[in-house]
Amino acid sequence: MLYKTIVVPYDNSESAHAALIEAMKIATLDSDSTVRILHIVDTEQRVIDKLEAKSGTPDAPKPSSVALRALFDEVIHEADAELHEHIDPVIAVGGSRVGIDIVEETLPGDQIVAYAKEHEAELIVMGSRGLGALRGILGSVSSHVLRTAPMPVMIVKQ
């Protein structure tokens, strides 16, 4: 057995997509491997964007708590649909060996490490998101996970 549980943080970027493809390749080498996709969504920013688009003016009435909760639910539903649009062709080969969780963003680096520990992951495969303009510089989330995760972390270039 190579890795029983592989965690892939996914944010719909090309970098994360490359990481998912690589994780699925690793998982197909062992029928006992599972891939857990962690999709972290900045729901607050998405809700703010929707409210700004709907209101149009700063004097617009404030939404009720029920309407606000419905907006958060709508944002999560949209994020789930976007996620599946990107990943379904890649994960089709994994079948039931792929798990997907969506969480709301607070501190993505810490959330990734905590999620990996909670699911007893033996490997985190993530994109570099940040390599590009400054060659060799990792994105802040990738760098944080690389420094703090107690398990191996594979950074995949896009």
Side-chain angles (χ1 to χ4, degrees), residues 1-50 53 70-158:
M1 174 170 47
L2 291 172
Y3 300 102
K4 184 176 177 175
T5 303
I6 302 168
V7 168
V8 181
Y10 199 89
D11 64 358
N12 293 335
S13 68
E14 289 180 31
S15 181
H17 196 73
L20 179 60
I21 290 169
E22 199 60 38
M24 293 304 297
K25 286 179 189 174
I26 294 168
T28 58
L29 298 174
D30 186 344
S31 62
D32 290 333
S33 290
T34 59
V35 175
R36 301 213 48 100
I37 299 168
L38 174 61
H39 187 50
I40 300 174
V41 180
D42 188 351
T43 52
E44 289 181 6
Q45 187 58 53
R46 286 181 177 220
V47 167
I48 289 168
D49 292 345
K50 282 184 172 286
L71 201 50
F72 269 91
D73 291 343
E74 179 183 326
V75 162
I76 291 291
H77 179 72
E78 288 172 357
D80 183 53
E82 289 172 18
L83 174 68
H84 280 281
E85 187 178 305
H86 286 97
I87 69 169
D88 282 354
V90 178
I91 65 171
V93 296
S96 63
R97 297 183 315 132
V98 177
I100 302 168
D101 290 301
I102 297 178
V103 297
E104 296 181 32
E105 177 184 1
T106 53
L107 298 169
D110 289 335
Q111 284 175 298
I112 293 165
V113 173
Y115 181 89
K117 286 179 183 176
E118 177 184 335
H119 289 89
E120 299 177 352
E122 295 166 327
L123 176 67
I124 298 172
V125 180
M126 63 188 302
S128 57
R129 192 119 190 239
L131 286 175
L134 299 171
R135 293 280 177 215
I137 303 297
L138 285 175
S140 61
V141 174
S142 302
S143 180
H144 178 79
V145 171
L146 194 55
R147 285 190 327 267
T148 60
M151 67 283 298
V153 178
M154 176 188 287
I155 304 293
V156 178
K157 294 191 236 179
Q158 51 190 48

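Computed from heavy atoms alone, side chains included, the values below leave out hydrogens, waters and symmetry copies.
For Gln45, the side chain to side chain donor-acceptor pair (under 3.5 Å) test picks out Asp49, with sequence neighbours left out. A search for salt bridge (Lys or Arg N to Asp or Glu O under 4.0 Å) contacts involving Lys117 returns nothing, not counting sequence neighbours. Considering only residues two or more places apart in sequence or on other chains, Glu104 meets the salt bridge (Lys or Arg N to Asp or Glu O under 4.0 Å) condition with none of them. For His86, the side chain to side chain donor-acceptor pair (under 3.5 Å) partners two or more places apart in sequence, or in a different chain, are Asn12. Annotation: side chain to side chain donor-acceptor pair (under 3.5 Å) contacts of Lys50 (sequence neighbours excluded): Glu74, Glu78.
Using a 4.5 Å heavy-atom threshold, the side chains of Val41 and Val103 count as separate. Side-chain atoms of Met154 and Glu22, non-hydrogen and from C-beta on, do get closer than 4.5 Å to each other. Counting heavy atoms from C-beta outward, Val7 and Val125 have side chains that stay 4.5 Å or more apart.
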Margin query: Walk me through whether Asp80 and His39 qualify under side-chain contact (heavy atoms from CB on, under 4.5 Å).
Written below: CA-CA 9 Å; Asp80 183 53; His39 187 50; over 6 Å; no

Checklist line | Test log, rule side-chain contact (heavy atoms from CB on, under 4.5 Å), inputs His119 and Leu38 | finding: CA-CA 11 Å; His119 289 89; Leu38 174 61; over 6 Å; no

Check: Going through the checks in order, is the side-chain contact (heavy atoms from CB on, under 4.5 Å) test met by Arg36 and Val8?
Finding: CA-CA 6 Å; Arg36 301 213 48 100; Val8 181; over 6 Å; no

Item checked: Chi angles and distances behind the side-chain contact (heavy atoms from CB on, under 4.5 Å) call for Ile6, Glu122 -> CA-CA 6 Å; Ile6 302 168; Glu122 295 166 327; over 6 Å; no

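For the atom pair CD1 (Ile155) and CG (Leu146), the distance works out to 5.0 Å, reported to the nearest 0.5 Å. The structure places CD1 of Ile100 at 10.5 Å from OH of Tyr10, a figure rounded to the nearest 0.5 Å. In this structure, Thr28 OG1 and Lys25 NZ are separated by 9.0 Å, a value rounded to the nearest 0.5 Å. Between atom CD of residue Glu82 and atom NE2 of residue His77 there is a gap of 10.5 Å, rounded to the nearest 0.5 Å. Of the inter-residue distances, the one linking Ile21 atom CD1 with Ile87 atom CD1 reads 12.0 Å to the nearest 0.5 angstrom.
At distances below 3.5 Å, at least one donor-acceptor pair connects side-chain atoms of Thr34 with backbone N or O atoms of Lys4. Distance alone, capped at 3.5 Å, is enough to place a donor-acceptor pair between the Ser142 side chain and the Gly127 backbone. Between the Thr43 side chain and the Phe72 main chain, no donor and acceptor come within less than 3.5 Å of each other.
Contact record, Ile91 with Met24: CA-CE, 4.0 Å, taken as the closest heavy-atom pair. Across all their heavy atoms, Pro9 and Ile124 have their closest contact at CD-CG2, 4.0 Å. Of all the heavy atoms in Gly109 and Val145, the pair that sits closest is O-CG2, 3.8 Å. The two residues Met151 and Ala121 make their nearest non-hydrogen contact at CE-O, 3.7 Å. The shortest non-hydrogen separation linking Ser128 to Ser15 is N-OG, 2.6 Å. Pairing each heavy atom of Leu2 with each of Ile26, the nearest pair is CD1-O, 4.3 Å.
A donor and an acceptor atom, one from each side chain of Tyr115 and Asp101, are located under 3.5 Å apart. Under the 3.5 Å distance criterion, with hydrogens and angles disregarded, a donor-acceptor pair is assigned to the side chains of His144 and Asp110.
Identified under the salt bridge (Lys or Arg N to Asp or Glu O under 4.0 Å) test for residues 88-100, with sequence neighbours left out: none.
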